[in-house]
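I have placed the structure first, in the form of structure tokens, so that the comments after it can refer back to it.
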Amino acid sequence: MREQQAKKVRVATCSLAGCFGCHMSLLDIDERLIDLVELVEFDRSPITDIKEVGPSDLGLIEGGVCNAENVEVLRAFRRQCKTLVAVGACAITGGVPAMRNHYPLHECLDEAYVNGLGVQDGGIPNDPELPLLLNQVHPIHEVVKVDYFLPGCPPAADTIWTFLEQLLSGKPVEFAYRQIHYD
Ligand code: SF4
């Protein structure tokens, strides 16, 4: 039994500038989660509530990089994870959060906190506890080396399962056409 546990692959996950939709898609593999927990144990993830990533075999990152804390977390994942996967459009291209890249940051902050519809007596938050926003939202491969890209918004549960099953069993990662066809 102990020998079986020692062989489990350690997996860490996190959401940077994302909506947790990619994590929800992982949970949507439904009963195959039972097969998954036979193969893996979780490090930092919403399941364990571990805050700092530890040495892991596989890191799954959703979301783009929009602030200084995202950069710090992402670099820590890269240091600790042997294999790093960009999961979903936001991690791969910046996705929905990167829509703000069309506007200067100060205009976005003014719209959200000062002059936006319904804002009264607004002011831009300036607490040192708040992560410092970057001028632009970046895909994660602009900050660290990424080993695999798993596209979709979110990637379908079936696609995530195929990816994990093949990767964890050491097979080449291949998808059926229907799993990587988006229109
Ligand atoms: Fe959410 Fe889609 Fe971005 Fe995933 S890719 S974090 S589902 S918006």
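FYI, side chains are in, hydrogens and waters are out, and symmetry mates aren't considered; it's all heavy atoms of this structure. Just follow the structure's listing: the first ligand is 1, and inside any ligand the first atom is 1. Because the structure is a prediction, the values reported are computed rather than measured.
Of the protein's non-hydrogen atoms, the one nearest atom 3 (Fe) of ligand 1 is Cys90 SG, 2.3 Å. Summary of contacts: the protein heavy atom closest to atom 4 (Fe) of ligand 1 is Cys22 SG, 2.3 Å. Of all protein heavy atoms, the one closest to atom 2 (Fe) of ligand 1 is Cys153 SG, 2.4 Å.
The closest approach between any non-hydrogen atom of Ala89 and ligand 1 is below 4.0 Å.
Below 4.0 Å from some heavy atom of Gly21 lie the following atoms of ligand 1, by number and element: 7 (S). For ligand 1, the atoms closer than 4.0 angstrom to any heavy atom of Gly18 are 6 (S). Short contacts between ligand 1 and Glu62, defined as distances under 4.0 Å to a heavy atom of the residue, involve ligand atoms 6 (S).
Classified by interplanar angle (parallel below 30°, tilted 30° to 60°, perpendicular above 60°), the ring pair Phe163/Phe175 is parallel.
The existence of a salt bridge linking Asp30 and Arg32 is excluded, since no basic side-chain nitrogen approaches an acidic carboxylate oxygen closer than 4.0 Å.
Summarising the geometry of Val143 relative to Arg75, their closest heavy-atom pair is CG1-NE, 4.1 Å, with the distance given to 0.1 Å.
For a distance bound of 2.8 Å, the N, O or S atoms of Cys19 include none lying that close to atom 4 (Fe) of ligand 1.
Taken together through direct or relayed side-chain contacts under 4.5 Å among Ile, Leu, Val, Met, Phe, Trp and Tyr, Val73 and Ile50 form parts of separate hydrophobic clusters.
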